[in-house]
Amino acid sequence: MHLKADTRHRVTLTLNDRECSGYAEPRTLLSDFLRHELGATGTRVGCEHGVCGACTVLVNGRASRTCLMLAVQANGSELQTVESLASGDTLNDLQQAFRKHHALQCGFCTAGILMSSTEFLAKVPKPTEAEVRDMLSGHLCRCTGYTGIVNAILEVANVPNDESSGPSDKEQENKNV
């Protein structure tokens with residue numbers, strides 16, 4: 001496919017289960033197209049080199065860095081962004097676990113981590129802590145230290161984690177007496 005560099009081309013894709021169209025120059029990054037043309041502002045732009053993972057969305061079910069993909073390459077694709085995770089005002093299980101475990105602070109990296117974690121848990125429903133940490137190695141978070149993120153992902157997978165499994169509420173209550 002040869003596209004003229006100074007011409008805007010129609011890009012049609014399915015975004016969060018809804019068909020959307022917009023116009024992009026051949027050099028427009030998918031991250032910029034999502035944010036500025038389609039209004040999906042949950043997708044963050046961090047390093048613009050594919051290193052930080054903040055711009056991660058699911059493209060045809062696979063976690064993909066939108067700063068490394070051109071909008072015209074996504075034509076005809078199905079995309080899921082962080083906006084697709086909640087149902088109205090109800091957070092999904094992963095988002096609730098992130099809140100419970102304080103797995104975010106500034107929130108800049110959170111959307112990308114949530115999307116990578118969504119794909120990861122679909123592929124590896126019962127991960128080990130090491131597998132979770134390996135998956136997270138593709139994301140930079142300068143605030144949390146990752147422990148809360150790991151605990152949240154393992155909780156959603158219902159995998160016990162020595163770091164997160166403290167005393168039960170009843171045990172804590174008896175200890176306090």
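This chain uses plain numbering: 1 for the first residue, then up along the sequence.
The structure places CZ of Arg10 at 4.0 Å from OG of Ser21, a figure rounded to the nearest 0.5 Å. Atom CZ of residue Arg44 and atom SG of residue Cys52 lie 11.5 Å apart, to the nearest 0.5 angstrom.
The main-chain N or O of Ala86 is never found under 3.5 Å from a side-chain atom of Asn92 such that the two would form a donor-acceptor pair. In this structure a side-chain-to-backbone donor-acceptor pair under 3.5 Å is present from Thr128 to Glu131. For the pair Asn60 (side chain) and Leu79 (backbone), a donor-acceptor distance under 3.5 Å is absent.
Each salt bridge (Lys or Arg N to Asp or Glu O under 4.0 Å) pair with one or both residues in residues 103-118, not counting sequence neighbours, would appear here, but there are none. The salt bridge (Lys or Arg N to Asp or Glu O under 4.0 Å) contacts involving residues 100-121 comprise Lys100-Glu155, Glu119-Lys123, where partners must be two or more places apart or lie in separate chains.
Residues Leu94 and Leu85 share a hydrophobic cluster, clusters being chains of Ile/Leu/Val/Met/Phe/Trp/Tyr side chains in contact below 4.5 Å. By the rule that hydrophobic residues join a cluster once side-chain heavy atoms approach within less than 4.5 Å of another member, Ile149 and Leu121 end up as members of one cluster. When the side chains of ILVMFWY residues are joined at heavy-atom separations under 4.5 Å, either directly or via intervening members, Tyr146 and Phe120 end up in a single hydrophobic cluster. Note: the hydrophobic cluster containing Met69 also contains Val72 (ILVMFWY, side chain heavy atoms under 4.5 Å, direct or indirect links). In the hydrophobic clustering of this structure, Val124 groups with Ile153; members are Ile, Leu, Val, Met, Phe, Trp, Tyr whose side-chain heavy atoms approach within less than 4.5 Å, directly or through other members.
A 4.5 Å side-chain heavy-atom check between Phe98 and Thr144 finds every atom pair outside the cut-off. A heavy-atom distance below 4.5 Å is not found between the side chains of Gln80 and Val59. In this structure the side chain of Leu29 never reaches within 4.5 angstrom of the side chain of Thr66, judged on heavy atoms. The shortest distance between side-chain heavy atoms of Glu25 and Thr7 does not fall below 4.5 Å. Side-chain atoms of Gln73 and Leu30, non-hydrogen and from C-beta on, never get closer than 4.5 Å to each other. Residues Met115 and Thr81 form no side-chain contact, since every pair of their non-hydrogen atoms from C-beta on lies 4.5 Å or further apart. Side-chain contact between Ser117 and Met135: present, with at least one pair of heavy atoms (C-beta onward) separated by less than 4.5 Å. Here the side chains of Leu70 and Thr28 are not in contact, with every heavy-atom distance at 4.5 Å or above.
Residue Val51 comes nearest to Arg65 through the heavy atom pair O-NH2, 4.4 Å, listed as atom of the first residue, atom of the second, then distance. Shown here for Ala63 and Ser116, the closest heavy-atom pair between the two residues is CB-OG, 4.0 Å. Here the closest non-hydrogen pair linking Ala54 and Cys109 is CB-CA, 4.5 Å. Val150 and Glu129 get closest at one heavy-atom pair: CG1-CG, 3.8 Å. For Gly46 against Phe108, the heavy-atom pair with the smallest separation is CA-CE2, 3.9 Å. Between Leu13 and Ser77, the shortest heavy-atom contact is CB-O, 3.3 Å.
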Check against side chain to side chain contact (heavy atoms under 4.5 Å, CB included), Asn158 and Val156: CA-CA 5 Å; Asn158 294 315; Val156 170; over 6 Å; no
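In Glu78, the CD atom is not crowded: 12 or fewer heavy atoms of neighbouring residues, nucleotides or ligands sit closer than 6.0 Å.
A donor-acceptor contact closer than 3.5 angstrom is absent between the side chains of Asp17 and Ser84.
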Could you list the donor-acceptor pairs under 3.5 angstrom formed by side chains in residues 35-43, with sequence neighbours left out?
unit_1, atom_1, unit_2, atom_2, d
Arg35, NH1, Thr41, O, 2.6
Arg35, NH1, Thr43, O, 2.7
Glu37, OE1, Arg8, NH2, 3.4
Glu37, OE2, Tyr23, N, 3.1

